[in-house]
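This report concerns only the one structure given below.
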Amino acid sequence: MTGNSRKTLRSQEWFDNPDNPGMTALYLERYLNYGLTREELQSGKPIIGIAQTGSDLSPCNRHHIELAKRVRDGIVAAGGIPLEFPVHPIQETGKRPTAALDRNLAYLSTVEVLYGYPLDGVVLTIGCDKTTPAMLMAAATVNIPAIALSVGPMLNGWHRGERTGSGTIVWKSRERLSAGEIDYEEFMDLVASSAPSVGYCNTMGTATTMNSLAEALGMQLPGSAAIPAPYRERGQISYETGRRIVEMVREDLKPSDIMTREAFENAIVINSAIGGSTNAPIHLNAIARHLGVGLDNDDWQKIGHEIPLLVNLQPAGEYLGEDYFHAGGVPAVVMELMKAKLLPNPDAITANGRGIGDNCKDVENLNENVIRTVASPLKEHAGFINLKGSLFDSAIMKTSVISPEFRERYLSNPDDPEAFEGPVAVFDGPEDYHHRIDDPAEGIDEGTILIMRGAGPIGYPGGAEVVNMQPPDYLIKRGVHALPCIGDGRQSGTSGSPSILNASPEAAAMGGLALLKTGDRVRVDLRKGEANILVSDEELGARRKALEEAGGYHYPDHQTPWQEIQRSMVDQLANGMILKPAVKYQKIAQSKGLPRDNH
Ligand SMILES: CC[C@@](C)(O)[C@@H](O)C(=O)O
């Protein structure tokens with residue numbers, strides 16, 4: 001039972017190494033103790049990890065506990081051995097101060113697991129916002145064969161015959177609560193109705209975005225991202241995913257073969273067409289950097305801005321996850337883009353070994369209200385704009401959620417189209433915002449630009465979803481539903497706010513936002529891609545000097561060891577918020593050999 005597959009399977013370096021019988025025995029015996037046999041571990045069957053992101057603490061991904069059973073069945077059916085292991089939980093709606101803080105922690109620990117244990121391939125269970133990038137970043141760094149499995153969105157939410165979508169219903173109903181149109185009980189009922197089953201956000205929030213983009217990148221089986229969590233097809237694709245990873249190990253099809261620059265270009269285009277979250281550039285830039293693929297926010301504007309919005313899902317549109325699935329999901333979007341020759345790289349290889357174009361060219365769009373054609377889009381140019389200026393080096397704006405009201409009020413000056421300027425109200429964190437926003441003495445009116453700072457990767461810490469700031473109650477009552485918002489934090493993908501966000505460098509890294517004072521004027525010009533403080537360079541220089549002398553922009557002290565460690569080495573949102581030292585570790589399964597024996 002020895003030796004035949006040592007050259008091809010890394011697991012056999014643990015379980016069948018005649019050069020070091022002592023270690024082989026030690027590695028083997030503990031994996032036998034719950035019933036695995038020597039035959040299973042030593043006969044050259046691929047050993048497949050299942051990176052389990054579901055738990056009671058992670059309700060969005062919890063259904064993976066069930067789905068993993070079907071993944072196991074698929075792995076065994078294809079001749080592999082499944083070994084399931086837990087991933088550090090990341091629940092966007094549960095973790096304080098923000099789940100984004102934990103993306104890099106889950107990444108780091110998964111790298112250690114994938115590299116340091118006898119695994120030949122891995123199924124990455126993805127779902128809630130940060131679990132997807134954390135898993136893909138780890139797979140990118142280690143570069144053993146890997147396939148992602150989405151847990152799927154919740155069923156559609158309903159309240160009195162209306163679709164209620166995750167997150168989006170919170171932001172909309174909060175406004176109605178502020179306007180006195182509903183009471184607290186109805187507000188709670190509305191929000192609870194949006195979460196009717198297992199799964200993640202049923203809107204095109206960050207979760208559906210990132211799961212769609214994992215498919216767009218080629219890391220999931222075609223058609224798998226949009227299947228709602230409770231549907232039977234979800235269990236079936238779990239089984240197929242388990243089968244496929246065993247073949248991928250045999251073919252040695254690795255993340256670096258799939259997630260190429262071409263695949264990222266496809267993903268950017270698909271992100272515009274689906275109306276994807278403003279968190280997508282952060283995470284895709286991060287994954288790309290861990291692969292050594294060049295990608296930045298200029299690419300997002302260049303490749304993505306002119307792509308039309310096709311998917312009619314909240315927050316940019318009206319439908320929800322089940323509708324997206326029934327219309328055809330990602331493959332139908334890809335097919336529509338290909339028909340109009342808008343998909344840049346149809347030949348990019350996907351997890352099933354075929355090109356994305358090949359996978360999608362013959363699928364049907366089953367509901368053109370939900371997935372529009374390029375000839376009849378929801379919006380013509382729906383991608384991100386990457387703004388620069390004295391406020392920051394980079395901040396993005398999601399143009400697909402600019403409402404007619406916002407366009408009319410801020411972007412329709414015939415003498416200065418696509419530009420606005422005004423005085424700012426500066427908030428240092430969400431507590432400051434909540435404390436001051438409704439106070440009439442602050443003098444906030446239709447002309448005010450709201451600024452959120454201290455909310456980035458260092459300042460918050462972690463980069464919190466707090467830039468979509470609601471106007472004061474008294475303005476909402478007068479029918480003003482959105483003021484321009486600018487900030488160095490993030491916002492929920494379920495928010496319909498056209499905020500200018502992910503500003504890098506953040507105030508805590510002494511970006512231009514740190515120098516702003518309430519009452520300063522700021523000018524934003526979308527056509528020129530600029531955002532500037534209308535204060536003289538001399539004055540800004542003097543403010544910078546004074547702030548530096550005072551020790552820099554002040555932010556709250558660390559509360560945990562990880563907060564301190566991450567703050568000391570985290571990059572800015574535009575650069576993917578990655579841990580700076582980690583990017584030099586690439587393809588370590590190939591570049592670093594095996595780790596040393598442990599005894
Ligand atoms: C409720 C919405 C969340 C938590 O998913 C959000 O993080 C998002 O970006 O979509």
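Ligands are counted one by one from 1 in listed order, and the atoms in each one are counted from 1 as well. From a predicted model like this one, the values you see are computed outputs, not experimental measurements.
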Parallel, tilted or perpendicular: rings of His326 and Tyr231 (30°, 60°): tilted
Just say parallel, tilted or perpendicular for the rings of Trp300 and Phe384, cut-offs at 30° and 60°. tilted
Salt-bridge test for Glu162 and Lys172: reply yes if a basic N is under 4.0 Å from a carboxylate O, no otherwise. no
Between Lys388 and Asp298, is the closest basic N to carboxylate O distance under 4.0 Å? yes
Report yes if some N/O of Glu465 lies less than 3.5 Å from some N/O of ligand 1; otherwise report no. yes
Heteroatom distance test (Gly493, ligand 1): nitrogen or oxygen, under 3.5 angstrom: yes
Taking all atoms of both residues into account, what is the closest heavy-atom pair of Ala146 and Pro255, and its distance? CB-CG, 4.1 Å
How far apart are the closest heavy atoms of Thr164 and Trp158, and which atoms are they? OG1-N, 3.3 Å
Arg176 and Leu190, any side-chain heavy atoms less than 4.5 Å apart: yes
[X]: numbered ligand 1 atoms lying under 4.0 Å from its heavy atoms:
X      : value
Thr93  : 4 (C)
Thr494 : 2 (C), 10 (O)
Asn279 : 9 (O)
Gly205 : 10 (O)

Exactly one candidate in Thr98, Thr494, Asn279, Thr93 meets side chain to side chain donor-acceptor pair (under 3.5 Å) with Glu465; the answer is Asn279
Part of Asp129 with heavy atoms under 4.0 Å of ligand 1, whether side chain, backbone, both or neither: side chain
Using a 4.0 Å heavy-atom cut-off, say whether Val170 meets ligand 1 through its side chain, its backbone, both or neither. neither
Identity and distance of the protein heavy atom lying nearest [atom]:
atom                    : result
atom 2 (C) of ligand 1  : Ser492 OG, 3.2 Å
atom 10 (O) of ligand 1 : Thr206 N, 2.8 Å
atom 4 (C) of ligand 1  : Glu92 CG, 3.2 Å

Looking at ligand 1, would Ser166 count as a contact under a 4.0 Å heavy-atom criterion? no
